[in-house]
Amino acid sequence: MKIVRLETFTTPFVGFVRATAEDGSQGWGQVSTYQADITCEIFHRQVAPHALGADALDFADTIRRIYEKEHKFPGSYLRRAQAGLDTALWDLRGKVEGKPVASLIGGSPGRVRAYASSMKRDITPEDEAARFLRLRDAHGFTAFKWRVGAECGRDQDEWPGRTEAVIPVVSKALGDGVDKLVDGNSCYSPARAIEVGQMLQDHGIGHFEEPCPYWEVDQTAQVRAALSLDVAGGEQDCEFSAWQLMIEHRAVDILQPDILYMGGIHRTLEVCRMGAAAGLPVTPHAANLGLVTMATMHLLRAIPNPGKYLEFSIEGLDYYPWQDGLFLGDPYRIEDGHATVTDAPGWGIEINPDWLAKAAYKASAL
């Protein structure tokens, strides 16, 4: 069954892809967020021409061939565009077979434990602690992640002294029996990261994400060797060579691929296999409530080496205004600290027609 039409609906932040097969079957996917309008242009120029006419249900080799045909363009934008094709075809296949994607990739529907993930640095330690407690009481979260340092901050804090304050204030407020995680977002040199990591250990925090510039794998390896907590990373990496280097250097304890940065489910599963062979768990990056979080839920229900939880963004429209009205219904309900993959076919979501009507449209056809 051939792919005969590929359409995109996009804003600068979000781009959805609709794939249509020759029998009329359709599936929805998403290119990665941010500069999505540029990514959708790449999709039509460098992804769609290789995909049209290919098998809509058995498409692993099509994903590989796009990489080979576009070998002069390694890197993020092509992977982000490929993700739109991959996720749309998984949804299409799920609808044809009447199965959720989780079942198609070897798992099953069901619950996934989630951690409440803060994206904010412009928030006081006291306010961060207070909203975590509200979320704990309202939704039953038993794990939380907050931010330290400044993003790619060259050892600087968001404001002086914030890191030294936010670590003990939030940790003490959450108390015992709760998993505590922090994210450095490539802020620190190895020496400063080790100092911060020791503070984290002293306050019962067990997960230190991206402590050093992510492209400096040896620096992250130094930090991991010096600390007893888990060092995590990989959200930005989209080429297999980077994952091989990370694993060979034992730079991290937890792998964190982002499904849409990676180029979709097929390529993310390859990272999961690499991690399983090395004895490493996978806790994917899923930092917004677009399709990436739903795809991650399905993935975690299927792989043999899932991490302990799903990253679940707690930021609303004040932080991510572009999340408004993407889907019909409430696909991201959290109950008792868990999200749920239903038995609905494909991704189990429906794109909001009103959102689509306002988006920029483009089509490529066989």
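From a predicted model like this one, the values you see are computed outputs, not experimental measurements.
A donor-acceptor contact closer than 3.5 angstrom is absent between the side chains of Arg147 and Ser118.
Side-chain atoms of Thr39 come within 3.5 Å of backbone atoms of Gln35 as a donor-acceptor pair (strictly under, hydrogens ignored). Remark: the backbone N or O of Gly233 is paired with a side-chain donor or acceptor of Gln256 at under 3.5 angstrom. Here the side chain of Ser25 pairs no donor or acceptor atom with the backbone of Ala21 at under 3.5 angstrom.
Of the residues Asp183, Val231, Val148, Thr283, the one that meets the side chain to side chain contact (heavy atoms under 4.5 Å, CB included) test with Glu209 is Asp183. The residue from Asp91, Ile63, Leu260, Thr268 that alone fulfils the side chain to side chain contact (heavy atoms under 4.5 Å, CB included) condition with Asp86 is Ile63. Remark: of the listed residues Lys362, His44, Arg18, His44 is the sole one forming a side-chain hydrogen bond (donor to acceptor under 3.5 Å, both in side chains) with Thr8.
Here OH of Tyr214 is found 7.5 Å from SG of Cys152. Values are rounded to the nearest 0.5 Å.
For Lys308 and Asp230, the salt-bridge test fails: no basic side-chain N is under 4.0 Å from an acidic carboxylate O.
Classified by interplanar angle (parallel below 30°, tilted 30° to 60°, perpendicular above 60°), the ring pair His266/Trp90 is tilted. Below 30°, between 30° and 60°, or above 60°: for Phe132 and Phe144 the angle between ring planes is between 30° and 60°, a tilted geometry. A tilted orientation is assigned to the rings of His207 and Tyr115, their planes being inclined by 30° to 60°. Using cut-offs of 30° and 60° for the angle between ring planes, the Phe141 and His139 rings count as perpendicular.
At a threshold of 4.5 Å between side-chain heavy atoms, the hydrophobic network of Ile, Leu, Val, Met, Phe, Trp and Tyr places Val4 and Tyr361 in one connected group. Both Trp28 and Val17 are assigned to one and the same hydrophobic cluster, defined by single-linkage of ILVMFWY side chains at heavy-atom distances under 4.5 Å. The hydrophobic cluster containing Tyr188 also contains Ile194, counting ILVMFWY residues as joined when their side-chain heavy atoms lie under 4.5 angstrom apart, directly or transitively. Note on Trp355: it does not cluster hydrophobically with Leu328, by side-chain heavy-atom contacts below 4.5 Å among ILVMFWY residues.
Taking the six-membered ring wherever Trp is involved, the centroid distance between the rings of Phe16 and Phe9 does not fall below 6.0 Å.
In plain terms, the two heavy atoms of Glu239 and Tyr67 that are nearest each other are OE1-CE1, 3.7 Å.
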